[in-house]
Each structure stands twice: as C-alpha cells, then as structure tokens.
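Letters go in sequence order (proteins before strands), and every chain restarts at 1.
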Amino acid sequence: MAPFSNWSIGKSAIKSGIPYLRSPFNSVRKFMEYNFSEIEKKWQKAWKDNQTYRVTDGGSKPKYYVLDMFPYPSGAGLHVGHPLGYIASDIFSRYKRLKGFNVLHPMGFDAFGLPAEQYAIQTGRHPADTTKENIARYREQLDKIGFSFDWSREVRTCEPEYYRWTQWVFLQLFKSWYNCKTQKAESLDTLIAVFEKEGFKGEAHQVLTGDIEHDLAPFTAEEWKNFSEKEKSDVLMNFRLAYLGEAWVNWCPGLGTVLANDEVKDGVSERGGYPVERKRMPQWSLRITAYADRLLNDLNGIDWSDSIKEAQRNWIGRSEGTSIFFRLENHDAAVEVFTTRPDTVFGVSFVTLAPEHELVAKITTAEYKAAVDAYVNTAKNKSERERQADVKNVSGQFTGAYVIHPFTAKKVPVWIGEYVLAGYGTGAVMAVPAHDSRDFAFASHFGLEKPQVIQPPAAWNFEKESFDEKEGVCINSDFLDGLEVKAAIRKAIEEIEKRGLGKGKINFRLRDAAFGRQRYWGEPIPIYYKPAVSSSAVENTADLIPVPLDESELPLILPEVDKFLPTETGEPPLARARGWAYRPHPLPLSEGGGSDAFTFGEGYTPRFFTTSPEKWKLLKEWARAHRKAATPAEDLLWQELRGKKTGFQIRRQHAIDVFIVDFVCLSRKLVIEVDGGYHNDPGQQEYDAQRTLVLNELGFKVMRFTNEQVLQRTSETVNEIANTLRTTVLPEGEERGGVAYPYETTTMPGWAGSSWYFLRYMDPHNENEFVSREKADYWQNVDLYLGGAEHATGHLLYVRFWTKFLYDIGKIGVQEPAKKLINQGMIQGMSEKIKIKQSIFSGTTTTSDAHPVASSKSFLMPQEMEGLNSTTVTLPIDSKQVFVSAEIEDSKDELMTFFNYVPIQLSKNSKLEIDKYLEWNHKERNNDISSAVFLIKNFYWFKGNWYDYSMNVISNTSNLAFLTKSEVEKMSKSKLNVETPDDICDQYGADTLRMYEMFLGPIDQAKPWNTNGITGVHGFLRRFWRLFHDDKNGFAVNEEAATKAELKVLHKTIKKIGEDVERFSFNTGVSSFMIACNELTELKCRKRSILEPLVIALSPFAPHIAEELWEKLGHTGSVNFAQFPVYDEQYLTEDSFEYPVQVNGKLRFKYSVALGLNPQQIEKEVMGSEEVQKWLDGKTPKKVIVVPNKIVNIVV
RNA sequence: GCCCGAAUGGCGGAAUCGGUAGACGCGCUGGUCUCAAACACCAGUGAGCUCACCCUCGUGCCGGUUCGACUCCGGCUUCGGGUACCA
C-alpha cells in the first residue's frame, strides 16, 4: 500500500460524513473528529427505543403545548422551508422541558386536499395511496432532523378515525343556531321552542346571512305548527350554523366544476382554458358571520403579532352604517344599499348595482337590454379579484332605469358596474362621486354629476379628486347642513329610520364560509336527502329535505369512484360512487316462517337479522362467549381490524341471521372467518359451505382464512381484507332490502380537518369523543403556535371560529385555540425559467452541402431582441423550437415569448445543462425537444454542438453557457425549485441543518434559501466538539476549578441564550454559542464546570451532539431530562463602563468611568478628560447629556 | 386595486426601550503549517481619501421631530405574502 493512501481529506470527507483523516506525517492533526452521521443515527434510535418524547397527560409539572401548523404532505416531499418552523418549535419545546414543563409537541398531517386529487386525475392513482406514500416520505425526512415529536399522537385528517369527528363537528354546527341575545351557539331545540310558543317575529334577523341578505318572513306559532316538514326544514336552514344556502361561485362548465379565483385567468380556466362564469349555486356554508363580533373582540386577548390581528380585523371588516331603500321608478321594488356615509346621501348622483344583482334583469329597459346583457356577460367571466384589482379600466353600463331619491325625490339613474361585488353588503351602492374615489372615477368616466355635499377643512380641488375623509361640514344637504360629518351620520341614520327608509346596521366584510367542494378527496358531508313528500320518484331537488346522519352512524366513509372527475352532467365526483346512498337500518323481519331450531337446509329462508327476541338474546350471549374465548389468531386479527383501522367499522363475533360470524363489516357486507384446524373435517366443510351459501344469499361476501395464514402472514391478510372492503360494490336499492336516499355529494374543504386538530392531539385515540373534557381541560389550548403568516385570514380565522363554537356547546373550556402565535417567514426558492420564442421562422429555406446539417432556414430576429448582434440567424432546417438565453433582452416582443420552469438541479447558477434538460423533457414530460435550438449571444447549441450564426461548428466551447432566468418564488413542486433537507442532513448532519436554518435570520422573515453559510455552522459544531477532546480525539474534560474569565463566558452565554430563546431570536442564539465557543477555545478551557452547563443549553438546538457529549460526561439519562442552567449575575458584573462620548451627536472617543457614579459625577469625570478639551476647542458646552451605562453626549 | 409585511457591507444578518451601525457566519485578501494542495489556525475586510492615524460619507428614496434616528412621524419606490375553492 502506498504510504499516502490513507489521506482522506477535503470537502468529500465532509460530504460523506466520514471522520477526518490527517496526513500520517502530521500526528498532531491526526484525529478522528465529530462523526455526526454515527452520532445522529445512534441517538435517533435511542430516542425511539426509549420513547423519550412520549408525553403523559397530567402530573405535577405545569403543562405547555407547542404546536406547528399542520403540514400538507405534498408529493414533492418536505422542502427546506418546512423545517424552519418545526426546528424553532422543537428548540422551544426542548427548552421548555429543560425548564421543567410537561410539553405536548405533536405532529400529524392535513392529508385531504386538492394536489393529491389533481395528481389522481392525471395518473388514476388513488389519492389515499399517494397520500400514504407522501406521508411516509415526510415522516422519514422529519425523523432525520431529530425532532422531539410525540409520534404516538399522530393524526391524519383523511383517516376515518379522524374525520369521523370532523363530521361530528359538522353535525353539531348543523344542529345549532346562534342566539344573538345570549351571544352564543345553542341547540336548535331552543329556537324551535320559541317558534312553537311565539312564532317568528323577525327579531333574530341578524343571524340571517347569505351573499345577498334577505329577510325571512315572520310567522306565528300556529303557522309554525302547521308547516310541513319541508317548510320547517327551510325555515331552520336560515338559522343553522351549517346550512345549505346559495352562493356565487366560479362555475366552469367545460370542466364541470367550481374553480378558485386562483384557477381563473382572464375569464377562462387556467387548466384547459375553458370559459368560466359566475353562477349562483346551492352551497353548504358555515355561518362564521354570527361570530364576527366575538372573533373581532377576542383578538385583544391573545398574544399574536399585530400584523396578523390587523389582517383579521380588516378581513372581518366591521363597519357601522345604514341601509337605505331607493324606490324604483315605474316598479314595485326598491334597491337596498348599504352605506357607511349616510351623511353624504344628498350627494348621490347615481346608484350602482353589481352585474349579478337580481334586479338587473327586471329593471333594465328594452332600449338598454342588449348592452346590459353584454356587459353582464363580460363581467360574469371575471373573477372577483380581477374585478377589484382592475381599477384603471372603469367599466359600467346604464340600465335605463331610475330610482327616486328618498329625500329630494329627484330621479337618480341606475347603473351596473363590476366594481360593485354581489357578495358584499347588499350588492348595490349609492354613488357619491364627490366623496368616494371609486364613485369619482366612475362618474368621471361616464360624465355623471358630482355634487359636493361636504366642505373640507382646507381648500380642495373637486375637479381633480374626491374628498373621502370623514371630516368637514355638510353643505347642500337640507337638514344636515352645518353639521360635522360624525354628527351628520348620526342625524342621517335617525332621520332614515324615522321616515322608514332603512335602518342603522352593522355590516361585516366577512362572508359566510363556503363549506362544500365539488371534489373527491375530502370529508363527505354527513347529510342525506329525503323526499319532502313520500313518493319514490322525486323530480325536483327543491322537494328534498337534507337530513343529518345520526352520530352513531359516523364516520360516513368516503366511497370509491371509477374516476376522480365530475360526472358528465356536472355533478361532483362522489356522484360516481355506485350504490352510495343512505339506507336506514333494516328492521327485524316479523316473526313467522322461521324455524325454532338453528338448523338450515332445504327450505330455510334466510333473513337479514334474526327475528325473535329470544333467539336474538341467545345469539348475543353466544357472541359474548365467543369473544371471551377468542383464539390467538382471532385476537391478532381483531387488533388489526378494530377501530376502523381498515377505514371501515368491523364487528367481531357478531350475529347474522342464525350465525355468529368471526368478523363482519356491515356497511360493506363482508364476513371474515378465521378457521381452526377442525375446519379440515369433511363434515365441517360441508357445514361451512352451506353457511357461506346462506350468507351470500343475504348479500354478504365471505372471506376465509386459516389460523396459520392470519398468524404468519398478518399484514398480507389485513391488506387483502382492506382491499376487498374498498373494492366491494354494494347492491343497490331494493336489493338490500330497503329504501335508499342520496347522500350529499360535495365534500368538505381543505380547512375542515385543520379547524379543530389541536384538540385531537390531546386525546388522539379516543373512540367515544372527539376529545375528552378531562384532557381538554388539562391541555386547554396551544401555548405556542408556529406557522406561516399566509394563514392569517384563512385557517387562523376558521380555527378560532370552531373553537368558540365548541366552547359554546360546552365541549371544551377555552375560547381561543392559541395563546401565542409566531409566524415563520417563508423560505423562498430560487426558481429557474427558460425563455421560449415562438413563430419567428421566416419562410425561406436554403440548402448547403458545406454544413454538417444539410438544410437550413433563416431565423428572423425581431428588432427588439437586443444583444444578438445580428438580425438573422441561420438555423438547421429540422430545428423545431428556439430557446433563448436569459441575457438576450426582448422587452417589446413579449407576445412571442414564453417561460417554462426548469428543474433547479439542471441549472446551477442559472447555467443550463442542456443535455440533461433534453433528457428530462423526454423522461419526465414525454416531450421530445431533441431538435430544439438554444440561442445565446453570437452562438447557438443544436444537437450536441455549438455553432455560430453562420452554422460553423465551434470547437472551444468552454466559455459558452446558456442562461436561465432565476427568480425568487415560493418553493413548490410545480415551480420545480424544491430543495430538500435530506441532502443537508447527509452532508453535514441534522444538528448542522437545525442550527443553520436558525442562523439564517429572524424566524419571521421571508428569505430565499441558500447554503452559503452552512460551513460556518458546521465548523462551529466541530469546534464545540473539539472543546471536549484533545488532539487525538480523546475525551479530555477535566475537573479543574474555573477561572473568573471562564465563568463570565459561561454565565453571559446562559443569560443570552435564555433571553434569545424566550423572544424567539434563534439566530442570535446561535451566534452566542459561536462566541462562547470561540472565547473558550481561546481560553483553552476544558473544564467540566463550564462545559457541562453549555451542553444542556445547546441541547435544544443540536440535540444529537449534546446527547453524545452528555453521555461522555458520564450521565446515563438523556440530556432532555436535565435542567436548564441558571446564570448568576455576580459573574457578569463589571467595575467600570467605557462610555462612548459624542460631541454634537457624533462619536468622538471612548472614556472609561467607574460604575456606580451618578450622572453629575460621570459628567465631571468625562469633562475632566484631555480628549474633551481637544474637541471643545475652547468653547463651553451648552449642554451635557449623560445616560448612565449608555452614552455621554456633549452639545457645543 | 385593497389588506399585511420587508428593505442595513460582496452575501445571510446583528444592534432587545431613541444612545458606540455592521455582532456572528459566509465570501474575499494576506500569513502560519506543507514538496504541494486541502484541512486547521492567525490577521485584515462598509465606502472614499494623501490608506494602521485623521477626516468625510454611509442602514431603499425625499422630507421632518430630537442633544442624538436603522429605530419615531409624513410622503414615495421596489420586493414578498394574502385577497375568501392551493394548503
């Protein structure tokens, strides 16, 4: 072997995690170093084996609940942005444990959602399968980072054990109404009691919400009692907290589905480019508006960032104002508007309706019908966001109709304009152009009048812009003249109410939450529809009554479908599920026809369940006895099947007809038998066959397994059962012996499961309740919630709403889900895009024998493309597509330019690896672009060679590079810019990853990901390791007494780390460790009394290395159970302070003064110094400012 | 458009309550060690200038308050997030 063969060095050593080996001739440096990969594996296993992070409910320690926002397990796996928050929360959890708290720090998955469904549509793979795989991947990635999650509490929203309770919450919402008097949700029974006693007088009007408000007609108690079931149902729908109403949606007939605003671009669907229209559709909604006031007020009591609270306040958008009715000319109707500025009512010069407003069709005059229809159609095709954002292009249309001004009796024209949204307020505004900028723009555009009714405090040019401020004095306003705006508002409301023109009202911007989705991959809504009249053939859906499932029938399992798409008639995917309908439980057949003896054979008539009470009782006893005497195989299988582990409720030793079967799934009609050895007996076999036959006749499928099969191949057996359950197609309707009612076919939105999950973690395995009151009372709510600010008005509002509701119905004791909220900034990715030019070939082609490619064609260079130094380029004739390097600008030619994302791995530093890009297109996109041209300045690449613009092959290509355009964006699979934490873990270890992500900057700040500084953090951990080891990597910690300097470093660091963690300043925490490490290295300190406390302090940040060093220090238990060190002020005190001395606010010199002096003494000391004289230059100071222990400033 | 944030050296960032701008790390430059490279260690590193001093300038832009402003106020610019069916 060569003498130098064991030199293994450099970055490759870091990458592989192999310990460093030094030159054999340099024994001083030859030592094994910090071997992170071994250490991390060792401790991750130890934590798992010892269940180090398992949390118990209760105990003497104070509780602390740390929660991360539910991750959605996307197909791209965990990216480096995800762990940012998890690392921070993990550090905090570990810190709190060291501080003596009982910390709940769980993790689970928000597993229903659109991406899995989209993937399913594309590939046909079941979302349940892909979701499962994604979760497994996430879990593996999370495990590598060394989190202290209690995985025994994991929840997944897509599992029946979980969504059973999501459905349960929905049922509670369905059965409740919001009592405005008591300000809380109550059971509908209390409302019905009122109706029965006094009917409805209209006073509960506030809870009647919807997109456009409407009033429910009053009725008497007598009328209520005589209402049909259907009528009662309709009335109650106006009060239920979960109700079936109508809402505006983006309907895409081409895709047969509803789209998010996100998915609509320029009036067509982003996917496929089909036209989209606004449509009013029946829609399940949650009455979050009932809680608007409480959601707003309770913000004051929680420790969330001001920005999030402000965002929620604005989102709820409480505004006080009034409704005013404008009577229509020549119509028996009125336009109701809502305004916060009734003081400006005399300034109304027109009224604008939303294009969708129901009156539009009624009032438009014949003359304007065509124009109005055209306008409505255009506006319909825009998303709400586009309509609001497009402020520059004012658009609108006169309807030909007029309203009568309620005070002046003047004719006021009625317009429609897309800036008015149907979903907000009444869908109509009274326009006051002089005092509202949107109205001003509209009036200016259409040349409408702008009467001024407020005199601003200062001069104002009303020609140029409106005066929107709520100040000034009313003019030209009859009875309001001379009043200040605020007084005028009060007076106007008073007058409006007095004259019966409208009423003072509080309006919220907040709308009820649409709760139904035309999607497959979500929780089924536990509702079925019963005909209003007892008739089998229901023609009209209006005759159906929505009926909730009984709680005992939950979960309503998501059915199987053949495709994850809407039906041809535009119904949601669930409508595809065969036989998916509610069937009331069959009643026992009437007595008679059966035999008393439990024998069967010819002439035996099976029935669904056995009939006589005596027999039933006997069978139950038998079943109970069977359960007690279960075989090991049966027991084992029961453990695997119980609790709906397969997704379906399984019963064991259950009586069916006269048999007691081992296991049965009633909903899927599947019987599972586990046979002992005696089943080999021929007589027994005949009996079994007969029994199977009867069960089949009853509609049950029968699966048989032997004991051996179950015991030896358990998972296969379970899989087989699960698959059979999932694929079983049930007989429909009458075949099953009962009526079938259609289920609701929309599913719940992605946020349903995440609106209450923090409660499930408290009691994740409870089969009887969503959470026991006892555990809910112990854990209460989340003490620290960590997640992205992008959830400010979505999830964070919904979870507050559900929490308040569950509080109202007495199930939990807290009104807010999270006491404190920290927002983690998004880690952005750097995406790379490639520029594509289209339609730029000229028609001319030439042929040339001199070139490697026989024919060629010219490529016309648009003038706008600067930087090519040529206006035409000759390209090979078979080139199909032209990619253009990013350095070539073509600002004016945007129409012919397109960008495609490039996987970032293929374009490091924006330099595209062309061969790999072609290969990737071929493999991943099934797109053959092998004859594409890649154009750069002066050259292009084609089929493996570089050419100049005259098609000469270039031999020296080392400086030629095709550039992609990089952009800082959200990390996402679709942008092909995902960076995973795995690579970092492999190269540097989890501890380095953890500390590096924290070191990147403040937790709440968004930043693009880069790994530039990671070696510094890794280097710190190595130096920290080296504090404990000698040159030969021998453990070298000694028991010597610490010096004053060493103690100062220690206590300073403990203090700083404690403060930094408490205020979530993890980046500065990491630097404090670095500083301490540098200083102790300088001091050559290897003393236990210094290093041991530091190991504890470091353990929340870098738990693996801390555990290893803790063990090496001689401890047997985990460092997790240690106590966080306490700093002692006495080691930190100094005897003097070096004052920065400023002259006229500019730092001039520093001067050391003893501590404990008063400001006068300090001033005297400083003024006596030589330097001061130099800077005073003979002048007398005007003033001397002394801030003790801070600064001295001399003003000359 | 509207709502919520952010902007500090070549880069990530620090300055916690209006009091020394640039901690810590990366990168870069020079040095020690080495045949050499790498690793490690040491030193320097905001810009300008007549270059270890001194001075001037300097926290996105314009203005203000203050003895003193990255920090507070008014007005902008650019970037990021949300905008109700992405999660």
Side-chain angles (χ1 to χ4, degrees), chain A residues 7 9-11 13-14 20 22-23 25-26 28-29 69-72 74 110 113-115 118 249-250 257-263 305-308 310-311 313-315 317 384-392 419 423 438 510-514 516-519 749-751 754 788-795 797 823 825-826 828 968-970 972 996 999-1002 1004-1008 1010-1017 1019-1020 1022 1059-1060 1063 1065 1067-1068 1070-1075 1078 1138-1142 1144-1147 1150 1182-1185 1187 1190-1196:
Chain A
W7 289 19
I9 40 182
K11 287 205 168 120
I14 300 179
Y20 294 76
R22 304 294 159 199
S23 153
F25 299 120
N26 191 344
V28 178
R29 292 198 194 150
M69 277 184 198
F70 233 2
Y72 175 82
S74 86
D110 188 13
L114 208 47
Q118 297 287 17
V249 294
N250 301 314
T257 193
V258 173
L259 298 176
N261 282 335
D262 255 3
E263 300 171 294
S305 74
D306 289 337
S307 61
I308 294 278
E310 192 56 26
R313 282 190 196 106
N314 289 328
W315 186 256
E384 252 180 51
R385 202 185 305 166
E386 282 175 320
R387 279 169 50 176
Q388 282 182 90
D390 195 0
V391 75
K392 281 175 201 137
Y419 78 104
R438 298 297 297 264
L510 182 71
R511 308 206 293 252
D512 278 343
R517 297 288 184 270
Q518 323 265 314
R519 313 281 186 195
W751 49 267
S754 60
E790 68 271 22
H791 299 285
T793 52
H795 163 66
L797 209 54
N823 292 119
M826 188 172 282
Q828 292 142 334
V968 174
E969 285 185 299
K970 232 176 172 174
S972 83
Y996 180 62
F999 189 64
L1000 269 176
D1004 56 351
Q1005 210 166 293
K1007 53 210 151 249
N1010 75 77
T1011 51
N1012 289 346
I1014 201 160
T1015 52
V1017 174
F1020 154 72
R1022 292 216 314 271
E1059 287 170 358
D1060 283 349
R1063 69 188 175 102
S1065 179
N1067 54 331
T1068 53
V1070 175
S1071 12
S1072 308
F1073 278 119
M1074 288 174 170
I1075 294 166
N1078 292 347
E1138 193 176 45
Y1139 279 90
V1141 181
Q1142 296 179 338
N1144 286 339
K1146 276 187 180 154
L1147 179 74
K1150 289 181 185 176
K1182 261 191 225 160
K1183 195 176 172 188
V1184 178
I1185 293 136
V1187 186
K1190 279 269 153 77
I1191 204 157
V1192 175
N1193 191 10
I1194 301 161
V1195 187
V1196 185

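If you take CD of A/Glu263 and P of B/U83, they are 12 Å apart, rounded to a whole angstrom. Protein atom CG of A/Asn261 is 17 Å distant from nucleotide atom P of B/G81, rounded to whole Å. Taking atom CG of A/Leu1147 as the reference point, atom P of B/A21 lies 5 Å away to the nearest angstrom.
Within the structure, a side-chain polar atom (N or O) of A/Arg517 is placed less than 4.0 Å from OP1 or OP2 of B/C85. For A/Asn314 and B/C4, the shortest distance from a side-chain N or O to OP1 or OP2 is below 4.0 Å. Note on A/Gln1005: a side-chain N or O is less than 4.0 Å away from OP1 or OP2 of B/G13. Dashed line: the shortest gap from a side-chain N or O of A/Arg519 to OP1 or OP2 of B/C86 is not under 4.0 Å. When the side-chain nitrogen and oxygen atoms of A/Asn1078 are compared with OP1 and OP2 of B/G25, one or more of them lie within a distance under 4.0 Å.
Using P as the reference atom, B/U34 and B/A21 are 44 Å apart when rounded to the nearest Å. On the C1' atoms, B/A52 is 13 Å away from B/U45, given to the nearest whole Å. A gap of 30 Å separates the C1' atoms of B/C4 and B/G58, to the nearest Å. Separation of the C1' atoms belonging to B/U77 and B/U29 is 36 Å when rounded to the nearest angstrom. Comparing the C1' positions of B/A43 and B/G80 gives a spacing of 40 Å, expressed to the nearest Å.
Summary of the strand contacts: A/Lys1190 and A/Pro71 both lie near RNA chain B, and taking for each the nucleotide with the nearest heavy atom, the more 5' one is attributed to A/Lys1190. Between A/Ile1014 and A/Asn250, it is A/Ile1014 whose nearest contact on RNA chain B lies nearer the 5' terminus.
Of all nucleotides listed (B/G5, B/A23, B/G68), B/G68 comes nearest to the side chain of A/Asn1193. The listed nucleotides are B/G80, B/G82, B/U16; the one nearest the side chain of A/Asp1060 is B/U16.
Applying the side-chain hydrogen bond (donor to acceptor under 3.5 Å, both in side chains) criterion to A/Thr1011, with sequence neighbours excluded, gives no partner residue.
A stem is defined here as three or more consecutive Watson-Crick or G-U pairs, each with both distances under 3.5 Å; for RNA chain B these stems are B:1-7 with B:77-83, B:10-12 with B:24-26, B:27-32 with B:40-45, B:46-48 with B:55-57, B:60-64 with B:72-76.
If you check every strand for non-hydrogen atoms under 4.0 Å, A/Asp1004 touches nothing.
Taking 4.5 Å as the limit, every side-chain heavy atom of A/Thr257 sits out of range of all side-chain heavy atoms of A/Glu263.
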